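Written below as structure tokens is the structure these notes are about.
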Amino acid sequence: MAALSGVRWLTRALVAAPNSGTWRNLCTSAVAHAASRSQAEDMRVEGAFPVTMLPGDGVGPELMHAVKEVFKAASVPVEFQEHHLSEVQNMASEEKLEQVLSSMKENKVAIIGKIHTPMEYKGELASYDMRLRRKLDLFANVVHVKSLPGYKTRHNNLDLVIIREQTEGEYSSLEHESARGVIECLKIVTRTKSQRIAKFAFDYATKKGRGKVTAVHKANIMKLGDGLFLQCCEEVAELYPKIKFETMIIDNCCMQLVQNPYQFDVLVMPNLYGNIIDNLAAGLVGGAGVVPGESYSAEYAVFETGARHPFAQAVGRNIANPTAMLLSASNMLRHLNLEYHSNMIADAVKKVIKVGKLLSAMPSFLLHPSALLWAVW
């Protein structure tokens, strides 16, 4: 990932553009700057939209600091109400979970980092991240995978959307040892939720002017579970005759995405497949650091990175790429009907990447936020 060091100077540029020969020499570490401020400090703006902020683990706090600095300098009318929930930092409890839920339910909109899920079993199968999404019924995860001019990747001009059902399937947290050395892990597929995510995908395609929806499944093997999901998608597809409908087995879909991703438009799939495809597709356009994502229920909207990785090994090294989080924040502003501020931030990010003046040598995470200063002039 590229460094966060220029975010502070980006924020200054949003207020007043300094001499072009000065900013390159004045970039300092946003990580060090963040350490001097209280992590619990909220951004208070009179008459602003309240938004719940959950920094998460790994580089999440550093990325959220970048978002706050940019928002402050751009005078974005948003008030962040920051909470902390972490299973690896001793900041996870029922009380904290309820505080986060209460804030999200009140504000209706949130921006979150990755809440890391430890692999060790400590008596609770469902992670706090999963419980949070279930309690808010965040059933639809949307990841818009789009090429950013300036990133050198195998495929260019990609533009596809992955829609994932994320409240059931393989992530139902229903596991038990039926006999010594025999573990049964239940995959839950329901007609109600399969129909709901299928309708969401077709409604999304209709609203966004997209022409095709592909249902991804493994019904040839899981004939009842994935068979029900596929049947629901087929039934819903009949209600949208103007949108082309196709089906594809998950393993073939992975190969087709690598060989010819241009054939896809909107893809809809169960939980685990969506998790895998989100990450695969992110790799097609630059990596986990550049793809934004969002999750929806009937009432709430949560904005996050498209590929969820804490990148804990990068903490404090000043190499975290803010691209995905800044683009997610831009999408959040659009959701709040703050089009001007949304476009300002997204256009600046894309302009810097396209020009490529300050880029890391690491191909998956190219944006150096110092260069954003140039973009807003």
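This one's a predicted model, so the numbers in the text were calculated from it and none came from an experiment.
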Hey, does the side chain of Asn321 reach the backbone of Thr323 with a donor-acceptor pair shorter than 3.5 angstrom? yes
Within the distance-only criterion (no hydrogens, no angle test), does the side chain of Thr52 pair as donor or acceptor with the backbone N or O of Ser103 below 3.5 angstrom? yes
Are Asp137 and Arg196 close enough, and set up right, to give a salt bridge (Lys or Arg N to Asp or Glu O under 4.0 Å), and what steps lead you there? CA-CA 12 Å; Asp137 194 28; Arg196 181 173 65 170; 2.7 Å; yes
Electrostatic pair Lys105:Glu98 at N-O distance under 4.0 angstrom: no
Under 4.0 Å between a Lys/Arg side-chain N and an Asp/Glu carboxylate O for Asp265 and Arg210? yes
To the closest 0.5 Å, what do you measure between CZ (Phe71) and CG (Leu333)? 4.0 Å
Over 60° means perpendicular and under 30° means parallel, so tell me whether His335 and Tyr296 are parallel, tilted or perpendicular. tilted
Quick note, ring-ring contact (aromatic ring centres under 6.0 Å, His included) partners involving residues 248-290, not counting sequence neighbours, are His155-Tyr262
From Lys350 NZ over to Leu327 CG, what is the distance, rounded to the nearest 0.5 angstrom? 6.5 Å
Pair Asn271, Glu168: side-chain N/O donor-acceptor within cut-off below 3.5 Å: no
With no hydrogens and no angle check, just 3.5 Å: does a side-chain donor-acceptor pair link Ser295 and Asn141? yes
What is the distance from atom CG of Asn252 to atom NE2 of His217, rounded to the nearest 0.5 Å? 9.5 Å
Between Lys208 and Asp203, is there a side-chain N and carboxylate O pair less than 4.0 Å apart? no
Could you check whether atom NZ of Lys212 has more than 12 heavy atoms from other residues, nucleotides or ligands sitting under 6.0 Å from it? yes
Would you give the length of the straight line joining atom CD of Gln81 to atom CD of Glu106, rounded to the nearest 0.5 angstrom? 6.5 Å
Taking 4.0 angstrom as the limit, do Glu165 and Lys193 come out as a salt bridge? no
NZ/NE/NH1/NH2 to OD/OE distance under 4.0 Å, Arg133 and Glu304: yes
At what distance, to the nearest 0.5 angstrom, does CZ of Arg164 lie from CG of Leu267? 14.0 Å
Atom CG of Leu239 with >12 non-hydrogen neighbours under 6.0 angstrom: yes
Going by distance alone, is a donor N or O of one side chain under 3.5 Å from an acceptor N or O of the other, for His84 and Glu82? yes
Do Asp129 and Ser127 have side-chain atoms, one donor and one acceptor, less than 3.5 Å apart? no
Salt-bridged, Lys244 to Glu246, with N to O below 4.0 Å? yes
Decide if atom NZ of Lys108 counts as having more than 12 heavy atoms of other residues, nucleotides or ligands within a radius under 6.0 Å. yes
Counting only heavy atoms not in Glu177, do more than 12 fall under 6.0 Å of its CD? yes
Salt-bridged, Glu235 to Lys199, with N to O below 4.0 Å? no
With rounding to the nearest 0.5 Å, note down the distance linking CG in Asn220 to CD1 in Ile250. 11.5 Å
